Amino acid sequence: MIDPVKLFTLIFRATLFSTSGSGNIPMLYNDLRSLGYATEQQFAESLAIGQITPGPTGLWVVSLGYFMDGVRGSLLATIAVVLPPLLILVVERLYRRFGTHWAVQGFLRGLALAVAGSFAIVIVGLVRGSKFDLSSLVLVLVSIGLGATRRVPVPLIIAGAALCGVALYH
Amino acid sequence: MPSLSDSQPIVSAQGAATADIVMLPPPRLWHLLRAWFSIGTQSFGGGSSTLFLIRRIIVERNGWVSDDEVTKAWAICQIPPGINLLALTTLLGWRLRGALGIIASLAGLLLPSVAITIAFTALYRNVQQLSVVQAALRGIVPATIGLGILMSWQLARPLLAASRAENWQSLVFSLVLLASGGIIVVVWNVPVILVLAAAGLCGTFGYRWLTRHKRTEQTA
């Protein structure tokens, strides 16, 4: 069912053409769901697991890889997200020479804005895969508020939300 | 996890803040592995909290690089694709011990966190049908969405601030790029990669054109 080469290529490509650990979400969301490799719910679940577990949040892809293809999938996902950041060695040298050029500055700014915008839309779209009610909306707003203070550790916010879920729906 | 972090505090926090601390010989690969291992197991949520941890372990506790160097390296690490923290790990590993330094640093950072992520996902799969887990998930998903929106805002905010500092046209242009990136993805039919490339190209010429008066004023 799942072609490991294709799985690796899609994650690698999405990571290579985006910035930060979550910039690859829109592209992966598009590609993997249309192939039937991953569901909307698995995206939400792996993003949550990425927030809970230690290490970079961007390792949520490792969790998604496991949902799709077990340990093999998660290891392929790991390699696919580790390779693109190695380009820092090239980027650093080029940036020292051309970094202040207006074309470079403008391109990076436009790219990063589009990444942020499409990322936000896809994240909000995860609502469709879940049962959403007024309490969910309150949880969204409260977690934005708590996250914005930077004082409350993220896993604590997630743990609190899990407890709220149990209290509300169980 | 104090036992995993490096044993001797070589420079104090105050020492690290001054520029003239004596840099020690390059660290052993084993020490590099251990330092990044403790960063990998203690860091949650990425961003500023991770940077704080790197400062404490790489700069203050071990004195391998200066505080200033980490700040500058972190800024450049926003550019390459993928997880910024992996880029920083790579860059510092390269500067300290070359290619082997990269391998030791990345292995230290990734081995624990990837293993824990796999184990956690496997565990979750075994219990996900339980009604209590489903209920917890109904709380977790909105929180993840909230944190995602916040992260997206944190990505966009410095760029919007830079535009506002130029002029209002530049700010409007940035807001349009931000919104269109999202809206075109909703329409779906356009591959995301094309949207990103187009936004980059718009940025290349758009900002140049919008700030043309400022430059003519400066040269005049």
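All values reported here derive from a predicted model rather than from experimental measurement. Every chain is numbered from 1 and lettered A, B, ... according to where its sequence line falls, protein lines coming before strand lines.
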Pair B:R125-A:F67, side chain to side chain contact (heavy atoms under 4.5 Å, CB included): steps then yes or no: CA-CA 8 Å; B:R125 264 192 116 162; A:F67 280 121; 3.8 Å; yes
Top contributor to chain B interface from A:A167, A:A148, A:G23, A:S143 [non-hydrogen pairs under 4.5 Å]: A:S143
Pick from B:I145, B:I76, B:N84, B:L175 with the largest number of heavy-atom pairs that fall under 4.5 Å of chain A: B:I145
Leading residue by heavy atom contact count with chain B [cutoff under 4.5 Å; candidates A:L86, A:I157, A:V142, A:I25]: A:L86
Distance-minimising heavy-atom pair for A:V81 and B:L86: O-CD1, 3.8 Å
Test item: side-chain donor near acceptor, B:T204 and A:R109, under 3.5 Å: no
Among the listed options A:I49, A:L139, A:V138, the residue most often paired with chain B at heavy-atom distances under 4.5 Å: A:I49
Identified side-chain contact (heavy atoms from CB on, under 4.5 Å) partner of A:E45 from the options B:L137, B:I140, B:V141, B:T144: B:L137
Top contributor to chain B interface from A:L146, A:V91, A:V71, A:V90 [non-hydrogen pairs under 4.5 Å]: A:V91
Top contributor to chain A contacts, counting heavy-atom pairs under 4.5 Å, from B:P158, B:G203, B:A135: B:A135
Gap separating the OH atom of B:Y124 from the OG atom of A:S46, nearest 0.5 angstrom: 10.0 Å
Contact origin within A:L89 toward chain B - heavy atom pairs under 4.5 Å: side chain
Region of A:T15 that comes under 4.5 Å of a non-hydrogen atom in chain B: both
Atom group of A:I144 that falls short of 4.5 Å from chain B, counting heavy atoms: both
Interface residue of largest heavy-atom contact number with chain B, from A:L137, A:D133, A:L16, A:V61, under 4.5 Å: A:L16
Contact summary for B:S152 and A:A116, nearest pair of heavy atoms: OG-O, 2.9 Å
B:T121 vs A:S74 side-chain heavy atoms within contact, under 4.5 Å: no
Salt bridge A:E92-B:R95, side-chain N to carboxylate O under 4.0 Å: yes
Rounded distance (nearest 0.5 Å) linking atom CZ of B:R208 with atom CH2 of A:W102: 5.0 Å
Nearest-0.5 Å distance, OG of residue A:S135 to CZ of residue B:R138: 8.0 Å
Rounded distance (nearest 0.5 Å) linking atom CD1 of A:I88 with atom CD1 of B:I79: 7.0 Å
Rounded distance (nearest 0.5 Å) linking atom CG of B:L178 with atom OG of A:S118: 9.0 Å
Side-chain heavy-atom pair A:F107, B:Y207 within 4.5 angstrom cut-off: no
Contact winner vs chain A - B:T90, B:L196, B:T89, heavy-atom pairs under 4.5 Å: B:L196
Side chain, backbone, both or neither of A:T78 within contact of chain B (heavy atoms, under 4.5 Å): side chain
Heavy-atom pair count under 4.5 Å with chain B, highest-scoring of A:A162, A:G65, A:A114: A:A162
Atom group of A:Y95 that falls short of 4.5 Å from chain B, counting heavy atoms: side chain
Side chain, backbone, both or neither of A:L168 within contact of chain B (heavy atoms, under 4.5 Å): neither
Structural part of A:V82 lying under 4.5 Å from a heavy atom of chain B: both
Interface residues of residues 109-116 of chain B facing chain A - heavy atom cut-off under 4.5 Å: B:L109, B:L110, B:S113, B:V114, B:I116
